[in-house]
2 protein chains.
Amino acid sequence: MNRFLSHATNRIDAKGRVSVPSAFRAVLTEAGAKELYCFQDFVFPAISVGGPELLDRFERQMASEDPFSDAANQMSLLVHGGGVFVKLDPEGRLMVTDFIRDFTGISTDVAFVGRGDHFQLWEPQAFARAQAEAREGRKQRGLRPQ
Amino acid sequence: MNRFLSHATNRIDAKGRVSVPSAFRAVLTEAGAKELYCFQDFVFPAISVGGPELLDRFERQMASEDPFSDAANQMSLLVHGGGVFVKLDPEGRLMVTDFIRDFTGISTDVAFVGRGDHFQLWEPQAFARAQAEAREGRKQRGLRPQ
DNA sequence: GCTTCTCCCATTGACGCCCATATGGTCCCA
DNA sequence: TGGGACCATATGGGCGTCAATGGGAGAAGC
C-alpha cells in the first residue's frame, strides 16, 4: 500500500492532538516524509496534507490553467502563501491548530480522508455530507461504473 | 467458477463478524485477493466488495477524464476517500463496521449478493424488496427474459 | 515566571489469530 | 433404501498484540 486510501475518524485529546491513522503513517514513512505540508482545499472545507512532493502535484495543476487566470492566481495564493508545515510527534499525532479548526469547522473529532497522493482533514459531518452530495451527482448523471 | 454468483445470508456473531460464503471466498482466493476493497453503491443501500482490481477500474475511469476537473475531484472523494479496506480472518470472516451498518441498515444478518466481478452486502429485507421491485419493473416494461 | 510545545510512559479497548463446537449435507455401505 | 460415518462450512469464544488515547514532566519560547 503506497497511497492514501480509505478514511478514519479519530478524537482530539485535551491537548489538541489527534492520531494520524496507522495506515496513513505507513505511507508517509515509506515515502520518507518526516515533515508534512498542509493547505486549504480549493473547493471543500478541508485541509490537504502530504509530503513535500504534494507541492509538485498542485504546481502541475496550476500549470494546467491559464497562468494569468484568476484561478491560477488564487491557487498560488493558497498553495504557496497559505500553506503550513506540521510535524508528527513520536506517537504519530499532529496538533490541530486554529488554522485547521477555523477552515474546516473541526472541534472534537477529525475525519482523515485518503485522496490517493495526499490525504485530507475534515469535520466528520461535513465529510459525510460532501460524500452524499457527490454520490447524488454521480447518480443523476448516470455514471455508474458498473 | 470465477465470478460472484447467487446469494446467501449469514449471521453476525457477538464480536461483529460474519462469514463470507464459501463460494465467494473461492473466487477471491482464485483471484489471489488477500485484501478487499469496499465502497458504498451509488444507487442501492448496499456495500460493494471486491479485490484491488475493483479499485483499478475506478481509477482507469478517473484517468480518462481531466485529472483536475470537478468530476474527477468528486470521484476521488468517493473512491479514494469513501472506500474502506477490509480483510478476512483465517476462517474467512469480515468485521461488520459502522461504516457498513449505517449505510445498509444491517444489524444482525448480512445478505451476500453476487454481482459478477464483485459482490455486495445487503440488509436481507432490503435485498428482498429491491429484488421484488426490479422484477416488477421488468414486468411492466415487458422486458422479462422468459 | 508562566505558557506552550515536545517527548516519554501508562492504559485500554479493538482487532487479528488461534482453537473448539455445531450443523447440515454427502457419500458409502449394509 | 435407510443408516451412519465423514467432511465442509458456519459459528462461538479465548487470548495476545498493537493502535489510539490520556496524562506527566522536562525543555524551549514569550
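Lettering follows sequence order; numbering is per chain, from 1.
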Study note, to complete from the structure: Residues passing the ring pair (Phe, Tyr, Trp, His ring centres under 6.0 Å) test with A:F42, sequence neighbours excluded, are A:F58

Point to revise | Heavy-atom donor-acceptor pair, A:R93 side-chain to D:dG22 base, under 3.5 Å | key: yes

**Study point:** Test item: side-chain donor near acceptor, B:S76 and A:R115, under 3.5 Å
**Key:** yes

Check your understanding: Ion pair present between B:D41 and A:R135, side-chain N to carboxylate O less than 4.0 angstrom?
Key -> no

**Study point:** Residues B:Q120 and B:S48: side-chain donor-acceptor under 3.5 angstrom
**Key:** yes

Point to revise | Audit row: A:V20, A:F112, side-chain contact (heavy atoms from CB on, under 4.5 Å) steps and yes/no | key: CA-CA 8 Å; A:V20 175; A:F112 292 82; 4.0 Å; yes

Please tabulate the protein-to-nucleotide N/O contacts below 3.5 Å involving nucleotides 12-16 of chain C, giving atom names and distances.
from, atom 1, to, atom 2, distance (Å)
C:dG16, O6, B:K15, NZ, 3.2

Exercise for review: Please check if the side chain of A:D89 supplies one atom and the backbone of A:G92 the other of a donor-acceptor pair under 3.5 Å.
Suggested key: yes

Exercise for review: Please report, rounded to the nearest Å, how far the P atom of D:dG22 is from the CZ atom of A:R11.
Suggested key: 7 Å

Practice item. Nearest whole angstrom, please: distance from the P of C:dT23 to the CG of B:N10. Key: 15 Å

Review point. Which is true for B:S22 with a 4.0 Å heavy-atom rule: it touches a base, it touches only sugar-phosphate, or it touches nothing?
Key: sugar-phosphate

Point to revise | CG-CZ distance between B:L55 and A:R3, expressed to the nearest 0.5 angstrom | key: 5.5 Å

Point to revise | Interatomic distance where CG belongs to A:D13 and P belongs to C:dC5 [whole Å] | key: 13 Å

Study note, to complete from the structure: Assert: residue with more 5' nearest nucleotide on DNA chain D, out of B:E91 and A:V18, is B:E91

Review point. Do B:R129 and B:E136 meet the salt-bridge criterion of a basic N to acidic O distance under 4.0 Å?
Key: no

Exercise for review: Give B:V20 one of three labels, base, sugar-phosphate or nothing, depending on what nucleic acid heavy atoms sit under 4.0 Å from its own.
Suggested key: sugar-phosphate

Check your understanding: Given atom CG of B:L88 and atom P of C:dC18, what is their separation to the nearest angstrom?
Key -> 15 Å

At a cut-off of 3.5 Å, list every protein nitrogen or oxygen paired with a nitrogen or oxygen from nucleotides 26-30 of chain D, distance to 0.1 Å.
none

